[in-house]
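Here the structure is a predicted model, which means the values were calculated and not measured.
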Amino acid sequence: MALFACSSDDGGGGGVAVPPNAVVITETNARDIVQAATVGGAAIIDLIPVAASAEQAPSASEIIDLVVDKVKSVSNLPDLNIPVGEIFEIPCDSGNITVNATETATSASGTMTFNDCILSGFTLTGTISFSVSFNETTGDWTVAISGNISGSDSTITTTLSGLVLNQTGNDNTQEYSINTYTFALDYTGGGGFLVQLLAAIVGNEAVTCPRSGVILVTGADNTKAKGTINGDGTVTIEYDDGSGTFVEVTEPVPGSPYPCTDFFI
């Protein structure tokens with residue numbers, strides 16, 4: 001299943017509020033803001049107002065990928081010899097995950113609580129609800145998660161509040177659609193923003209860049225950044241200074257649109 005790291009419903013963020021420590025989005029940082037909402041990486045360094053280095057701070061996509069991997073690991077419970085419909089634990093590198101799951105022949109659902117669970121060098125804490133289904137005949141699958149989860153390294157904590165992710169796809173064609181992707185992100189020391197979709201992200205797992213989709217990020221003072229995925233392998237970045245009007249950015253040079261590979265890996 002493809003995760004670039006990202007509700008196509010009403011664009012209202014599902015009731016999730018912009019975090020109180022949100023950054024002000026400008027033409028200068030709009031591109032980096034959208035990148036931090038997708039792959040994260042070095043773009044977040046300039047967005048976190050703390051003195052310590054943030055190179056290893058967990059990005060939103062890293063946290064979501066780790067959670068989805070664990071959801072997938074309980075989607076076929078008999079293979080793990082785990083009692084269905086009971087509470088059990090999954091070990092982490094340190095700490096554990098408490099799972100309460102119910103399984104059918106084609107689906108699994110329940111809750112996961114991450115108890116100081118160390119995975120890939122990050123400490124995860126929080127509780128999410130999940131559901132996953134798969135049709136072996138058609139290859140169709142769905143994955144949905146929701147809840148609140150934090151990931152920490154030795155310096156920075158990245159918190160995703162009101163996380164809602166829904167993906168559908170097909171293993172035979174490798175087509176996928178990220179239908180819902182919303183959360184309020186906050187870093188220790190501030191620097192957060194609200195992420196949501198204005199249009200579903202559609203693509204194929206065999207291709208790095210999706211074909212279409214629109215990501216909206218909202219910061220302080222109603223400032224916004226918008227990333228529109230184009231079919232030619234680029235992403236158009238626009239910003240709104242709070243006036244309600246989006247303008248395509250010219251910074252950093254050469255200006256929008258930027259290569260899709262800046263945002264999807």
Side-chain angles (χ1 to χ4, degrees), residues 1-6 35-45 47-48 50-103 107-132 134 141 143-165 167 178 181 183-189 191-192 195 205 264-265:
M1 287 173 282
L3 266 181
F4 66 83
C6 244
Q35 188 181 46
T38 53
V39 299
I44 67 174
I45 295 174
L47 305 179
I48 305 176
V50 293
S53 172
E55 282 89 344
Q56 299 303 312
S59 69
S61 63
E62 288 172 319
I63 294 173
I64 293 172
D65 284 347
L66 290 171
V67 171
V68 171
D69 282 346
K70 290 304 177 183
V71 168
K72 291 164 62 179
S73 77
V74 300
S75 64
N76 194 0
L77 300 184
D79 287 351
L80 301 176
N81 296 315
I82 293 172
V84 177
E86 297 183 18
I87 297 175
F88 57 90
E89 292 183 354
I90 297 176
C92 304
D93 298 337
S94 178
N96 61 64
I97 305 169
T98 304
V99 183
N100 189 337
T102 299
E103 188 205 30
S107 67
S109 61
T111 60
M112 285 186 172
T113 298
F114 292 76
N115 305 302
D116 293 328
C117 168
I118 297 180
L119 295 170
S120 299
F122 300 132
T123 302
L124 301 181
T125 58
T127 299
I128 61 102
S129 298
F130 72 89
S131 65
V132 56
F134 179 70
W141 54 262
V143 173
I145 61 174
S146 62
N148 304 303
I149 190 83
S150 295
S152 303
D153 69 349
S154 59
T155 305
I156 301 293
T157 297
T158 304
T159 299
L160 307 183
S161 301
L163 169 65
V164 182
L165 169 72
Q167 282 187 269
I178 301 172
Y181 179 71
F183 53 84
L185 182 149
D186 208 353
Y187 300 111
T188 4
V195 181
E205 294 182 50
F264 303 95
I265 57 175

Checklist entry - Of all residues at least two apart in sequence or in a different chain, which pass the side-chain contact (heavy atoms from CB on, under 4.5 Å) check with Thr111? => result Asn100, Ser129

Item to check | For Ser120, all residues meeting side-chain hydrogen bond (donor to acceptor under 3.5 Å, both in side chains), sequence neighbours excluded | outcome: none

Item to check | Results of side-chain hydrogen bond (donor to acceptor under 3.5 Å, both in side chains) for Ser161 - residues two or more places apart only | outcome: none

Item to check | 4.5 Å side-chain heavy-atom contact, Thr158 and Phe122 | outcome: no

Checklist entry - With side chains defined as the heavy atoms from C-beta onward, is the minimum distance between Val67 and Leu163 less than 4.5 Å? => result no

Checklist entry - What residue among Thr127, Ile128, Thr98 forms side chain to side chain contact (heavy atoms under 4.5 Å, CB included) with Phe114? => result Ile128

Next on the checklist: I'd like to know if the side chain of Asn148 and the backbone of Gly162 have a donor-acceptor N/O pair within less than 3.5 Å.
Outcome noted: yes

Checklist outcome for this item: The side-chain hydrogen bond (donor to acceptor under 3.5 Å, both in side chains) partners of Ser146 (sequence neighbours excluded) come to none

Checklist entry - With a 4.5 Å heavy-atom cut-off, do Glu89 and Asn115 have their side chains touching? => result no

Item to check | Set of side-chain contact (heavy atoms from CB on, under 4.5 Å) partners for Ser131, sequence neighbours left out | outcome: Ser109, Ala144

Checklist outcome for this item: Note: Phe183 and Ala60 closest approach over all heavy atoms is CZ-CB, 3.6 Å

Item to check | Side-chain heavy-atom pair Leu160, Ile64 within 4.5 angstrom cut-off | outcome: yes

Checklist outcome for this item: Contacts of Asp116 meeting side-chain contact (heavy atoms from CB on, under 4.5 Å) (sequence neighbours excluded), chain-then-number -> Thr123, Thr125

Checklist entry - Can you tell me how far OG of Ser150 sits from CG of Leu124, rounded to the nearest 0.5 angstrom? => result 9.0 Å

Item to check | Residues that Asp69 engages under side-chain contact (heavy atoms from CB on, under 4.5 Å), provided they are two or more places apart | outcome: Lys72

